[in-house]
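Below, each value reflects all heavy atoms present in this structure, side chains not excepted, and no hydrogens, waters or symmetry copies. On a predicted model such as this, the values are computed, not experimentally measured, just so you know. First listed ligand is number 1; within each ligand, the first listed atom is number 1.
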Amino acid sequence: MKKYTLIGPFKQILTMAGLPLKGALSDEQLPIVENGGIIMVDEKIHAIGTYPQIQAEANGLNAENIHIKTNMVCLPGLIDAHTHICFGGSRAKDYAHRNSGKTYLEIAKAGGGIWNTVTETRKATTSSLIEGVKTRADRHLAHGVTTIEVKSGYGLSVQEELKMLRAIALANEQCQSDLIPTCLAAHMVPKDYKGGPDDYLLEISTSIFPILKKEQLAKRIDAFVEEGAFSPASIAAYFDKAKAMGFDITVHADQFSTGGSGVAVKYKAVSADHLEASSKKEIQLLAKSNVVATALPGASMGLGCNYAPARRLLDAGAALAIASDWNPGSAPMGNLLLQAAVLGAFEKLTNIEVLAGITYRAAAALNLQDRGTLKTGLLADFTAFPTNDYQEILYQQGMMPPSLVCKKGKLVVTI
Ligand SMILES: [Zn+2]
């Protein structure tokens with residue numbers, strides 16, 4: 001016999017259902033169920049509606065009742081569509097050096113920069129990588145983030161990239177949140193590689209792609225398309241191969257110079273992430289495509305530079321997701337809600353645009369159809385904040401932690 005659970009009443013349920021994937025949104029469009037309840041069965045949502053109506057349905061199903069006695073506003077579980085939370089070491093020294101005015105080159109000479117993280121990650125054991133991922137994922141879960149994308153990209157050799165992806169897979173088994181792995185072996189050409197970018201990419205794709213399939217380590221291939229990393233021309237054969245093998249493509253695009261967003265559109269990528277350097281041309285290109293434009297405000301905060309043009313992307317008609325980019329170098333904070341709220345203030349985004357960026361539009365960036373909104377048949381992933389008005393959530397700029405987080409029908413955080 002199926003076991004049903006009723007949870008509620010919530011002051012408001014923001015289902016985020018029935019909204020367009022692309023373009024600007026006004027707060028009047030926000031689908032709110034006032035005084036609502038949710039019936040869950042197994043891992044999924046069975047029904048959602050006003051509390052009296054849903055309570056009557058629950059009685060007929062002999063549902064267990066989780067009665068909420070305080071004010072709460074319920075949202076879909078938050079989705080962080082871009083992180084690098086699998087790593088060894090710390091870059092606190094880099095952060096201080098950068099803020100004191102040292103150049104990229106000076107920091108690299110002092111043993112810092114991304115190569116420091118690569119060295120520390122290579123030195124790390126699989127179990128210490130797993131522990132690091134779990135600790136960060138659990139912190140995210142306490143903040144209401146129930147799905148987290150996690151990239152490799154600090155191994156930069158066949159063996160070390162696989163070590164990272166296997167660690168992410170094992171961490172996923174031990175975490176309550178879902179970790180969505182992405183292979184970012186094309187983060188940069190490793191310093192110790194004897195050959196050019198084309199040789200490196202050929203070796204990586206030939207050796208790693210089949211193993212990703214065989215061991216089901218990742219369905220997504222990412223690359224850093226940037227001056228000093230991989231050019232649009234050098235990444236073409238790599239993405240051709242990935243596409244032919246059925247991987248989803250995602251691109252680190254337009255962070256410091258443009259070019260990456262064009263690659264993302266050409267390869268029908270699921271997302272183009274960063275976009276701080278995107279100009280009108282790139283904005284138009286993305287808006288005409290189905291590529292989700294993912295802003296990473298945490299990287300702008302960490303580096304002290306401008307934000308992605310989120311307002312202009314939405315006004316042009318693009319789909320905008322917002323992710324944390326949590327990584328040891330440029331985005332050490334890892335607080336998705338705080339960063340999304342601050343991006344909203346700087347870029348003049350409506351509350352609904354910000355919330356869409358960390359729920360259903362983030363789900364689209366990960367090509368996940370089973371989450372991101374609250375409706376019958378989707379995963380019972382939701383998070384509830386201790387307030388009677390949804391506007392308080394972003395107004396508190398990330399400082400109001402959820403009082404309840406539900407992952408696949410299980411309460412995983414309760415305060
Ligand atoms: Zn990144």
Side-chain angles (χ1 to χ4, degrees), residues 79-89 91 94-95 98 104 113-118 121 132-133 136-137 140 145 147-156 161 164-165 168 179-190 218 220-230 235 239 248-261 263-264 269-278 286 291-308 310 320-336 339-340 343 357-358 362 365-366:
I79 297 173
D80 191 348
H82 183 137
T83 84
H84 306 252
I85 59 169
C86 183
F87 61 85
R91 302 256 292 281
D94 280 19
Y95 186 74
R98 196 164 57 232
Y104 180 83
I114 186 176
W115 195 248
N116 174 272
T117 300
V118 173
T121 305
V133 174
R136 295 174 196 112
H140 243 13
V145 185
T147 299
I148 309 165
E149 187 261 15
V150 188
K151 298 175 194 298
S152 67
Y154 298 127
L156 304 185
E161 283 293 308
M164 285 189 76
L165 287 160
I168 295 165
L179 307 182
I180 309 295
T182 303
C183 176
L184 178 59
H187 205 171
M188 63 184 271
V189 180
R220 299 159 43 84
I221 302 293
D222 193 352
F224 191 24
V225 177
E226 186 59 60
E227 284 169 13
F230 298 100
I235 208 68
F239 276 166
D248 280 344
I249 304 286
T250 176
V251 185
H252 277 69
D254 300 0
Q255 185 180 10
F256 304 110
S257 62
T258 57
S261 51
V263 173
V270 286
S271 73
D273 304 22
H274 272 297
L275 309 175
E276 292 89 333
S278 297
L286 287 165
V291 178
V292 177
T294 303
L296 306 173
S300 303
M301 291 178 192
L303 295 172
C305 62
N306 61 307
Y307 292 99
L320 179 82
I322 305 167
S324 75
D325 195 22
W326 195 351
N327 75 72
S330 60
M333 180 201 290
N335 187 325
L336 179 64
Q339 293 164 357
L343 181 73
I358 51 178
L366 296 176

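- Side chains of Val145 and Ile79 form no contact here, defined as non-hydrogen atoms less than 4.5 Å apart.
- Taking the six-membered ring for Trp and thresholds of 30 and 60 degrees, His252 and His274 have ring planes inclined between 30 and 60 degrees apart.
- The Zn ion (ligand 1) lies under 2.8 Å from an N, O or S atom belonging to Asp325.
- When only modelled atom types and interatomic distance are considered, Asp254 and Ser261 share a side-chain donor-acceptor pair under 3.5 Å.
- Rounded to the nearest 0.5 Å, atoms OG (Ser271) and CD (Glu149) are 8.0 Å apart.
- The Zn ion (ligand 1) sits nearest to atom NE2 when only the N, O or S atoms of His252 are considered.
- Within His84, NE2 is the N, O or S atom that lies nearest to the Zn ion (ligand 1).
- Checking His82 against the Zn ion (ligand 1), an N/O/S atom falls under the 2.8 Å cut-off.
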